[in-house]
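See below for the structure under consideration.
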Amino acid sequence: MKPLDISIIIGNYNTEQLLKKTLSSIYRNTKNTNFEIIIIDDGSIDNSVEMVRKSFPKIIIKKNRKNLGYSKTYNIGTKLSKSR
């Protein structure tokens, strides 16, 4: 398997529609890049997590029980990443 070029880490909190547009755009515009997407959800109460799992099943998603804030959220994503 080819090594990953990049890990795209996205923090999310109740932004289902914006997240769906963002993910669709990433897939449309990254044809020659080997990448992974990691979403860290900070306790959303909308349908964000379910939408990702249904519409984008290859994406790694970690759901926190509460909003941990920017730094902690992105540190979690960084630890999960496998890119070079």
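Heavy-atom basis, side chains included; hydrogens, waters and symmetry copies ignored.
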With sequence neighbours left out, what residues match Y27 under side chain to side chain contact (heavy atoms under 4.5 Å, CB included)? F35, I37, F56, I59
Closest approach of T22 and I10, non-hydrogen atoms and distance? CG2-CD1, 4.3 Å
Exam field: side chain Y74 to backbone G11, donor-acceptor pair closer than 3.5 Å: yes
Check side chain to side chain contact (heavy atoms under 4.5 Å, CB included) between R65 and all other residues, then give those that pass, not counting sequence neighbours. none
To the nearest 0.5 angstrom, please state how far the CG atom of N14 sits from the CG atom of L18. 12.0 Å
How far apart are the closest heavy atoms of E36 and K82, and which atoms are they? OE2-N, 2.6 Å
Nearest 0.5 Å, what's the NZ-CG distance between K66 and L68? 6.5 Å
Please give me the minimum heavy-atom distance between N64 and I40, naming the atom from each residue. ND2-CG2, 3.4 Å
With a 4.5 Å cut-off on side-chain heavy-atom distances among I, L, V, M, F, W and Y, is there a chain of contacts connecting V49 to I45? no
Using the side-chain hydrogen bond (donor to acceptor under 3.5 Å, both in side chains) rule, take T15 and N12 through it: C-alpha gap first, then chi angles, then the decisive distance, then the call. CA-CA 6 Å; T15 60; N12 179 64; 2.3 Å; yes
Taking the side chain as every heavy atom from C-beta outward, state whether I38 and K62 have any pair of such atoms under 4.5 Å apart. no
Is there a path of hydrophobic side-chain contacts, each under 4.5 Å between heavy atoms of I/L/V/M/F/W/Y residues, joining I26 to I39? yes
Rounded to the nearest 0.5 Å, what's the gap from CG on L19 to OG on S44? Could you check? 8.5 Å
May I have all residue pairs that pass salt bridge (charged side-chain N to carboxylate O under 4.0 Å, His left out) and include part of residues 41-58, sequence neighbours excluded? D41-K63
Cluster link L80 to V52, ILVMFWY, side chain under 4.5 Å: no
Transitive ILVMFWY side-chain link L23 to I60, under 4.5 Å: no
Testing the basics here: between S83 and I6, what is the closest heavy-atom pair and its distance to 0.1 Å? CB-C, 3.6 Å
Check whether any side-chain heavy atom of R28 sits under 4.5 Å from a side-chain heavy atom of S25, and report yes or no. yes
Same hydrophobic cluster for I61 and I8, using side-chain heavy-atom links shorter than 4.5 Å among ILVMFWY? yes
For the residue pair E16 and M51, what are the closest heavy atoms and their distance? O-CE, 3.5 Å
